[in-house]
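To start, the structure itself, in structure tokens.
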Amino acid sequence: QSQVTFAGAKGIAFYVQDNEIIQLGSERYSIGGSLKKERKFTNQTIILPENTMIYLASDGYIDQNDPERVKFGIKNFKEILSKIHQYPVQLQYDTLLDTLKKHIGEEEQRDDISVVGIRL
């Protein structure tokens, strides 16, 4: 088992437990920008079994439009993670990339897209 601590700034984090995708919350404000007000970030500590996949992502994948301007969406993103979390990491990468390319079609990428998967 591993202890994991997460604190997010407009970030997205998921892990898979009993084939269910669990989303960790994050603060609604970012790290950068003007610091007129002190910002506090909440640490969330969880204990996860060996071989659990943890995913950290920007909102770029989820917010990416298709040619009809429909976002990929968090529901679809969670569905993909639930299908691929047991795959080898390279196959997970390939599946996420292929799925995104199919969704985008000829549309331009509209934001940075970061997805990091870590197997404990």
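None of the values given here were measured: they were computed from a predicted structure.
For the pair Asp66/Glu107, no side-chain contact is recorded, criterion being any heavy-atom separation below 4.5 Å from C-beta on. Counting heavy atoms from C-beta on, the side chains of Thr95 and Lys83 never come closer than 4.5 Å. Side-chain contact check for Glu50 versus Leu120: every heavy-atom pair is 4.5 Å or farther apart. Side-chain contact between Lys71 and Asn76 is absent, with no heavy atoms from C-beta onward closer than 4.5 Å. Counting only heavy atoms from C-beta outward, the side chains of Ile84 and Leu91 never approach each other to under 4.5 Å.
Shown here are the ring pair (Phe, Tyr, Trp, His ring centres under 6.0 Å) partners of His103, two or more places apart in sequence or in another chain: Phe72.
Here the closest heavy-atom approach between residue Glu106 and residue Pro67 is recorded as N-CG, 4.4 Å. Summarising the geometry of Asn51 relative to Arg119, their closest heavy-atom pair is O-NH1, 3.3 Å, with the distance given to 0.1 Å. Taking both residues in full, the closest heavy atoms of Ala7 and Asn43 are given as CB-OD1, 3.4 Å, listed atom of the first, atom of the second, then distance. Here the shortest heavy-atom pairing between Ile12 and Asp59 reads CD1-CA, 4.0 Å. Here the shortest heavy-atom pairing between Gln64 and Gln109 reads OE1-CA, 3.4 Å.
Atom CG of residue Asp112 and atom CG of residue Asp63 lie 10.0 Å apart, to the nearest 0.5 angstrom. Taken to the nearest 0.5 Å, the CG atom of Asp94 stands 10.5 Å off from the OG1 atom of Thr99. In this structure, CD1 on Ile62 lies 4.0 Å from CD1 on Ile74, to the nearest 0.5 angstrom. To the nearest 0.5 Å, atoms OG (Ser2) and CD1 (Ile54) are separated by 8.0 Å.
Aromatic ring centres of Phe14 and Phe77 lie closer together than 6.0 Å.
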**Request:** I would like to know whether Gln17 and Thr52 meet side chain to side chain contact (heavy atoms under 4.5 Å, CB included); could you show each step before the answer?
**Result:** CA-CA 7 Å; Gln17 188 170 39; Thr52 298; over 6 Å; no
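Proximity of a side-chain donor or acceptor of Asp18 to a complementary backbone N or O of Glu20 within less than 3.5 Å is not detected. Although no hydrogens or angles enter the test, the distance criterion places a donor-acceptor pair under 3.5 Å between the side chain of Tyr61 and the main chain of Leu96. Here the side chain of Ser114 pairs no donor or acceptor atom with the backbone of Ser58 at under 3.5 angstrom.
Clustering ILVMFWY residues whenever any of their side-chain heavy atoms sit less than 4.5 angstrom apart, transitively, puts Tyr87 in the very cluster that holds Ile21. Hydrophobic clustering (ILVMFWY, side-chain heavy atoms < 4.5 Å, transitive): Leu100 and Tyr55 are in one cluster. Hydrophobic clustering (side-chain heavy atoms under 4.5 Å, transitive across Ile, Leu, Val, Met, Phe, Trp, Tyr) keeps Leu81 apart from Leu24. Under a hydrophobic clustering in which Ile, Leu, Val, Met, Phe, Trp and Tyr are joined whenever their side-chain heavy atoms come within less than 4.5 Å, directly or via other members, Leu48 and Ile22 fall into the same cluster. Using a 4.5 Å cut-off between side-chain heavy atoms of Ile, Leu, Val, Met, Phe, Trp and Tyr, with links allowed through other members, Met53 and Leu56 fall into different hydrophobic clusters.
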